[in-house]
Amino acid sequence: MSGLKFSEEVARNLERLYLTRDVVAQRSETIKQLALSQGERVLDIGCGPGFLCESMADIVGRYGAVIGIDISDDLLELCKRRDPPKWLSYRVGDATQIHQPDASFDAVVCTQVAEYISDVDRALCEAFRVLKRGGRAIFLETDWDSVVWHSETPDRMALVLKSWETHCAHPNLPRSLTNRLVSAGFRFDGASVFPILNLQWDDNAYSKRLAGLIRDFVGRKNELPSEDLKEWYDEFTRLNEAGRYFFSSNRYIFRVSKSAR
């Protein structure tokens, strides 16, 4: 991961973000497109707080298996505290060097992770390696230029979002992801857009949780005056009270598979 540091505090903030209504809906769409069946083996690369793993484990059942890997001990500790079933396990792991046998999973999922991996092409090759022939995978990523966030000070908004881009290695990854996946050996099966639209600034909105992460990350970089960053964040409350709050972002879902031959 190129920018975000996963202290326990950041891990907790990410957990709250993953519980917002927008990300819950995104998980439902991811599971729908993955089309899991009972008894299947699934790998979640960069499982984060583990909510997607738990949902997938409910589907595959005790005769299946779900393994979630992540580089963060703090995130994995949050997963383990919720007492997962025996067929769901979590392990510290590097997406560019997955310690799993070749062709060992029916499905692989990687959501909001690939854009953070510097050597993303190696990570895609590893995902392909561990997938069984005839297996399928889902990759979901954000193009951070797709964010539309209303502000009465658009120049300041542009500076904040530009500074935020450095939190990941590939802020525009979706634009090249189809070609990268095919180069890794996958068969491209299609893509779709999952939109996030917030017209209110509230605690259950993805954009409010995201704004907190952005404020803290950009603040640590000391590229903008602290008073400007505070005003950037505080403006959202005023816009909301005036009925003028607007946030939109696109997530891009790529469906691929491994040839059965």
Side-chain angles (χ1 to χ4, degrees), residues 1-6 9-30 32-33 48-49 51-52 111-113 115-116 140-175 177 191-254:
M1 308 288 278
S2 59
L4 290 177
K5 295 186 182 298
F6 288 92
E9 179 183 1
V10 173
R12 286 288 186 187
N13 288 336
L14 278 176
E15 184 181 45
R16 287 189 283 268
L17 183 146
Y18 276 55
L19 288 171
T20 60
R21 58 178 175 267
D22 303 299
V23 182
V24 170
Q26 174 190 293
R27 275 199 300 278
S28 296
E29 180 62 22
T30 302
K32 176 184 176 182
Q33 295 206 26
F51 298 119
L52 179 59
T111 63
Q112 285 298 117
V113 173
E115 65 199 59
Y116 293 92
L140 183 151
E141 302 297 331
T142 296
D143 186 321
W144 287 99
D145 281 350
S146 75
V147 171
V148 179
W149 213 338
H150 175 59
S151 171
E152 294 178 344
T153 312
D155 290 344
R156 183 181 63 208
M157 174 65 78
L159 288 173
V160 172
L161 293 182
K162 188 63 177 177
S163 181
W164 167 248
E165 277 191 358
T166 60
H167 84 287
C168 64
H170 305 280
N172 308 119
L173 180 60
R175 304 179 195 188
L177 192 51
S192 58
V193 176
F194 182 85
I196 294 178
L197 175 63
N198 293 160
L199 300 179
Q200 291 184 319
W201 172 254
D202 63 67
D203 289 340
N204 199 26
Y206 165 78
S207 58
K208 185 171 184 178
R209 296 299 182 185
L210 175 65
L213 290 174
I214 292 175
R215 177 193 57 195
D216 295 343
F217 176 81
V218 174
R220 288 193 297 270
K221 293 178 65 181
N222 293 315
E223 292 181 345
L224 279 73
S226 58
E227 58 270 24
D228 285 2
L229 196 55
K230 182 179 186 300
E231 177 60 25
W232 171 81
Y233 186 86
D234 290 345
E235 181 189 21
F236 297 132
T237 298
R238 297 195 301 273
L239 289 171
N240 187 61
E241 290 172 350
R244 300 184 61 203
Y245 183 75
F246 183 95
F247 170 92
S248 177
S249 176
N250 286 334
R251 299 280 175 86
Y252 299 90
I253 304 174
F254 296 80

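Model, not experiment: these values are computed from the prediction.
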query = According to the interplanar angle, ranging from 0 to 90°, do the rings of Y18 and F51 count as parallel (below 30°), tilted (30 to 60°) or perpendicular (above 60°)?
reply = tilted
Whether W164 and H167 hold their rings parallel, tilted or perpendicular, with breakpoints at 30° and 60° = parallel
Pairwise side-chain contact, [X] with [Y], heavy-atom cut-off 4.5 Å (strictly under):
X	Y	answer
Q33	S192	yes
D143	L173	no
Y206	L197	no
R251	V193	no
L19	V23	no
V148	S249	no
P174	F254	yes
E141	Y252	no

Locate the shortest heavy-atom distance separating [X] from [Y]; write the atom from each residue and the value.
X	Y	answer
F236	A211	CE1-CB, 4.3 Å
G212	Y233	N-CE1, 3.9 Å
S163	E223	OG-OE1, 2.8 Å

Working for side chain to side chain donor-acceptor pair (under 3.5 Å), residues T166 and K221 = CA-CA 10 Å; T166 60; K221 293 178 65 181; 2.6 Å; yes
Using 0.5 Å steps for rounding, measure from the [atom1] atom of [X] to the [atom2] atom of [Y].
X	Y	atom1	atom2	answer
D228	D155	CG	CG	11.5 Å
I253	K32	CD1	NZ	10.0 Å
F247	D22	CZ	CG	8.5 Å
K208	Y245	NZ	OH	9.5 Å
L239	L199	CG	CG	12.5 Å

query = For Q200, does the CD atom have more than 12 heavy-atom neighbours from other residues, nucleotides or ligands under 6.0 Å away?
reply = no
Whether the side chain of [X] engages the backbone of [Y] through a donor-acceptor N/O pair (distance < 3.5 Å, no angle test) should be reported.
X	Y	result
T111	L140	no
R209	D203	yes
Q112	T142	yes

query = Can the ring centroids of W201 and F246 be said to lie less than 6.0 angstrom from one another?
reply = no
request  = With side chain to side chain contact (heavy atoms under 4.5 Å, CB included) as the test, would you mind laying out the steps for E241 and T237 before giving the verdict?
outcome  = CA-CA 6 Å; E241 290 172 350; T237 298; 3.6 Å; yes
query = Between D202 and R21, does a salt bridge (Lys or Arg N to Asp or Glu O under 4.0 Å) hold up when you go through it step by step?
reply = CA-CA 11 Å; D202 63 67; R21 58 178 175 267; 3.1 Å; yes
request  = Applying side chain to side chain contact (heavy atoms under 4.5 Å, CB included) between W232 and each of L159, V160, T153, report the one that passes.
outcome  = V160
request  = Just do the side chain to side chain contact (heavy atoms under 4.5 Å, CB included) check on R215 and K230 with the steps written out, would you?
outcome  = CA-CA 8 Å; R215 177 193 57 195; K230 182 179 186 300; over 6 Å; no
query = Which is it for S151 and E235 under the side chain to side chain donor-acceptor pair (under 3.5 Å) test, yes or no, and what are the steps along the way?
reply = CA-CA 8 Å; S151 171; E235 181 189 21; 2.7 Å; yes
key: Check: N250/S146 side-chain N/O donor and acceptor closer than 3.5 Å   = no
task = Begin with the C-alpha distance, continue with both residues' side-chain angles, and end with the deciding distance and a verdict on side chain to side chain contact (heavy atoms under 4.5 Å, CB included) for W149 and M157.
result = CA-CA 8 Å; W149 213 338; M157 174 65 78; 3.6 Å; yes
